[in-house]
Amino acid sequence: MVVLRAGMCPGLDEDLVRDLRAADVKTVEDLVSCNLEELAQRCSVSYKALFAVRRVLLAQHSAFPVSGADLYEELLSSTAILSTGNPSLDKLLDSGLYTGEITELSGGPGSGKSQVCFGVAVHVSQQLKQNVIYVDTTGGFTASRLLQMLQTETSDKEEQMAALQRIRVFRVFDVFSLLDCLFGLCSDGLQQASVGGGSVKAVIVDSVSAVVAPLLGGKHNEGMSLMSQVAGVLRTMAKDFNVAALVTNYVTRSSSGELQPGLGVSWSHIPRTRILLERLEEGTTAASSAAATADVSRSSLRSATLIKSSRQPCLIREEFDLQWWSRSKDQKTSGLKRKREEDSDS
Amino acid sequence: MQRAVSTFPLSSGVKLKLLSAGFRFAGDLQHVSPPKLSHEAGLSQQEALEALQVVTGGGAVASFTAMELLQMEAESRNIVTFSSQLDSALGGGVPVGKTTEICGTPGIGKTQLCLQLAVDVQVPPCFGGIEGHVIFVDTEGSFVLQRVIDIAAAAVTHCSLLAEDDEQRGAMATFTVETILSNIFLVRCHDYVELLAELHLLPDFLSDHPRTRLLVIDSVARPFRGFDDLSQRTRLLQGLAQQLVTLATRHDLAVVITNQMTTRVRGSQSQLVPALGESWGHASTIRLLLQWSGSRRLATVVKSPRHMDATVQYQISTDGFRDADQSDER
């Protein structure tokens with residue numbers, strides 16, 4: 001809570017603050033939680049004056065109730081659903097990334113987390129004409145890959161450039177810089193970034209675990225507190241500024257050998273929706289026969305499993321191709337048609 | 001939203017004193033003078049001043065638009081591997097400013113590729129090189145000087161055969177085996193403490209040697225294998241990975257690390273996988289897997305944000321890392 005300062009509210013003057021400090025009451029929290037009668041006696045001030053001060057402070061620092069109807073009204077007017085550009089992922093996400101929520105992608109190395117992030121950034125910037133903030137903590141951000149994806153969306157050079165201009169990249173490699181960056185965005189950055197027209201609708205953090213994992217494990221407790229701070233600021237940002245937050249996470253293997261998202265149980269409450277990405281290994285077990293893996297070109301097919309959602313039944317599984325974002329529009333529509341036909345056949 | 005004091009990079013002692021004096025948020029420290037803070041929180045003048053500087057000064061993180069990064073990427077260079085097939089699979093070679101991991105079984109040529117890169121990074125610009133210096137961190141004792149001389153001599157001969165105009169002939173005067181050797185800085189680390197300490201000192205070394213373009217760690221696996229406390233190991237490795245990314249980005253370095261292979265048993269099946277565990281797989285931006293296929297050596301790009309997975313064949317000759325001869329294929 002906030003430190004008591006003279007002039008914070010009527011009746012709280014220099015002398016009173018000094019007296020309170022002498023009685024070991026330093027913050028608003030201390031004042032509202034102590035026994036006022038006792039305090040009044042110890043500081044020899046009137047109980048009434050203290051009571052008045054406490055009332056004003058409580059009013060200043062409390063939250064206001066909002067009626068459900070108002071909330072719903074606001075939700076309808078402010079929530080947007082950002083398509084990821086990939087129909088399979090959209091299906092899992094119930095048509096896309098919701099603003100005001102944190103969505104998580106987890107997966108092993110090379111499972112396509114960054115590729116999905118790139119695809120989302122390109123789609124939101126190019127198709128929806130919204131600004132995107134991309135926080136890169138692994139050094140994996142590759143603008144030329146984004147350009148490749150854009151080139152399949154539009155052949156207009158200026159449009160491609162404009163789309164790239166709408167993506168703002170922060171490169172931070174430790175948790176303190178990440179917090180600096182996120183708090184900076186909260187205090188002014190999100191508005192600033194939107195000066196160029198359009199508002200920021202998506203914040204992508206690839207990846208959260210890269211900066212948080214070095215602090216966890218062993219006998220160090222500070223990591224947990226910093227992780228919850230990162231979670232808190234992400235959540236505030238998503239809610240207060242109405243942006244869709246997309247974060248990526250590593251995976252660990254449970255004792256039974258099953259893949260599960262990293263960062264432990266306390267993080268698992270943070271994202272509203274979680275998706276697990278995996279490579280689709282075709283047939284042969286890799287590396288057991290090197291010849292086989294060498295001859296079969298490694299496929300770009302991935303599977304995505306919904307493991308946490310408040311809207312859809314969990315454990316739905318979809319398969320998709322990372323090449324999707326590299327395909328031209330015609331290929332996409334024909335691909336879709338084929339898929340639909342297959343669906344109707346079955 | 002109020003930013004908590006605990007989210008700033010302050011020592012835990014200072015944080016504790018600030019918290020117990022009631023300063024929990026950055027806003028609480030907004031209009032406090034250093035002497036007042038030192039008095040109220042029981043900090044020394046110096047500590048109070050530093051804490052205020054950290055809390056009120058932090059927050060500015062540089063950002064770029066994707067457009068600017070695209071231009072920077074277009075200007076950044078790659079280190080050629082002297083294997084044209086591998087170069088094209090990697091999009092022109094090992095990229096500067098990124099981290100690349102090379103995994104493979106013993107004897108497959110990980111160190112050979114590292115030595116080759118240590119020579120190749122010094123190729124003069126008129127031959128398409130980037131003329132950079134090298135830091136070679138050797139943890140396995142596998143840096144064999146005689147091999148470096150062989151590879152360097154082959155590279156010098158190769159370039160002198162290519163030299164056509166005066167500029168290239170002029171460049172050859174300084175591109176000799178001696179200069180190549182003098183621009184390789186070898187650091188021998190025996191255990192993980194030495195390796196981590198070296199990485200903490202590297203930023204200073206890099207400021208003194210701004211022309212360094214390549215950092216090789218061969219291998220990162222050996223000091224970290226046979227670790228008792230696995231969660232501690234993961235923590236250290238994750239920190240190391242972030243340090244390497246920071247070095248690569250800040251100092252415009254290509255970071256190349258090698259990793260050993262290990263056997264993972266799942267049920268009745270066993271599989272050869274890169275060592276150091278699942279989470280280490282995220283450490284590098286690009287992952288290259290070297291493996292045998294009968295008598296052929298194959299290099300596979302298993303992870304890259306920019307390129308599709310690809311497999312190419314290569315060979316290790318006296319001259320170094322080269323494309324496989326088309327004639328003796330299969």
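Chain A is the first sequence line, chain B the second, and so forth, proteins listed ahead of strands; every chain is numbered from 1. What you see is a predicted model, and the numbers here were worked out from it, not measured in a lab.
In this structure, the side chains of B/His307 and A/Arg145 stay at 4.5 Å or more apart for every pair of heavy atoms. For the pair A/Arg171/B/Thr249, a side-chain contact is recorded, criterion being any heavy-atom separation below 4.5 Å from C-beta on. A/Gln115 is listed as a side-chain neighbour of B/Pro305, based on a closest heavy-atom distance under 4.5 Å.
Contact count versus chain B (heavy atoms, under 4.5 Å) is highest, among A/Leu322, A/Val230, A/Leu226, A/Ile167, for A/Ile167. Interface check for chain A: of the options B/Gly239, B/Pro95, B/Pro9, the most heavy-atom pairs under 4.5 Å are formed by B/Pro9. Here A/Leu147 is the residue among A/Val211, A/Leu147, A/Val135 with the most heavy-atom pairs under 4.5 Å with chain B. Contact count versus chain B (heavy atoms, under 4.5 Å) is highest, among A/Ala210, A/Gly140, A/Gly110, for A/Ala210. In terms of heavy-atom pairs under 4.5 angstrom with chain B, the leader among A/Leu179, A/Val175, A/Val172, A/Leu182 is A/Leu179. Contact count against chain A (heavy-atom pairs under 4.5 Å) is highest for B/Met67 among B/Glu68, B/Lys15, B/Lys303, B/Met67. Comparing B/Leu244, B/Leu69, B/Ile286, B/Val32 by how many heavy-atom pairs each has under 4.5 Å with chain A, the most go to B/Leu69.
Atom SG of A/Cys186 and atom CZ of B/Arg3 lie 10.5 Å apart (nearest 0.5 Å). Interatomic distance, B/Phe64 CZ to A/Leu164 CG, rounded to the nearest 0.5 Å: 15.0 Å. Distance CE/A/Met161 to CG/B/Leu70: 6.5 Å, rounded to 0.5 Å. Atoms CG and OG, from A/Leu185 and B/Ser63 in turn, are 8.5 Å apart once rounded to the nearest 0.5 Å. B/Thr246 OG1 to A/Asp174 CG: the interatomic distance, rounded to the nearest 0.5 Å, is 7.0 Å. Of the inter-residue distances, the one linking B/Leu10 atom CG with A/Phe176 atom CZ reads 8.0 Å to the nearest 0.5 angstrom.
Heavy atoms of B/Ser76 lying under 4.5 Å from chain A are absent altogether. Heavy atoms of A/Thr142 lying under 4.5 Å from chain B belong to its backbone as well as its side chain. Looking at B/Ser284, neither its backbone nor its side chain comes within 4.5 Å of chain A, counting heavy atoms on both sides. Using a 4.5 Å cut-off between heavy atoms, A/Gln160 makes no contact with chain B at all. Contact of A/Phe118 with chain B is made through the side chain alone, with heavy-atom distances under 4.5 Å. With a 4.5 angstrom heavy-atom cutoff, B/Thr65 touches chain A via backbone and side-chain atoms both. Proximity to chain B (any heavy atom under 4.5 Å) is shown, for A/Gln165, by both the backbone and the side chain.
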Can you give me every donor-acceptor pair (side chain of residues 274-281 of chain B, partner residue at least two apart or in another chain, under 3.5 Å) with its distance?
unit_1, atom_1, unit_2, atom_2, d
B/Glu278, OE1, A/Arg253, NE, 3.1
B/Glu278, OE1, A/Arg253, NH2, 3.4
B/Ser279, OG, B/Gln238, NE2, 3.2
B/Trp280, NE1, B/Glu101, OE2, 2.9

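We find that B/Glu40 and A/Lys26 are not joined by a salt bridge, their nearest charged nitrogen and carboxylate oxygen being 4.0 Å or further apart. A salt bridge links B/Asp309 with A/Arg279: at least one charged nitrogen is closer than 4.0 Å to a carboxylate oxygen.
Smallest separation of non-hydrogen atoms from A/Ala143 and B/Ala66: CB-O, 3.6 Å. Closest approach of A/Gly107 to B/His282, counting heavy atoms only: O-CE1, 3.2 Å.
B/Arg306 and A/Ser144 share a donor-acceptor pair across their side chains, judged by distance under 3.5 Å alone.
Remark: the backbone N or O of A/Phe173 is paired with a side-chain donor or acceptor of B/Gln242 at under 3.5 angstrom. One N or O on the side chain of B/Lys98 and one on the backbone of A/Gly139 form a donor-acceptor pair closer than 3.5 Å.
For B/Gln243, the side-chain contact (heavy atoms from CB on, under 4.5 Å) test picks out B/Leu199, B/His200, with sequence neighbours left out.
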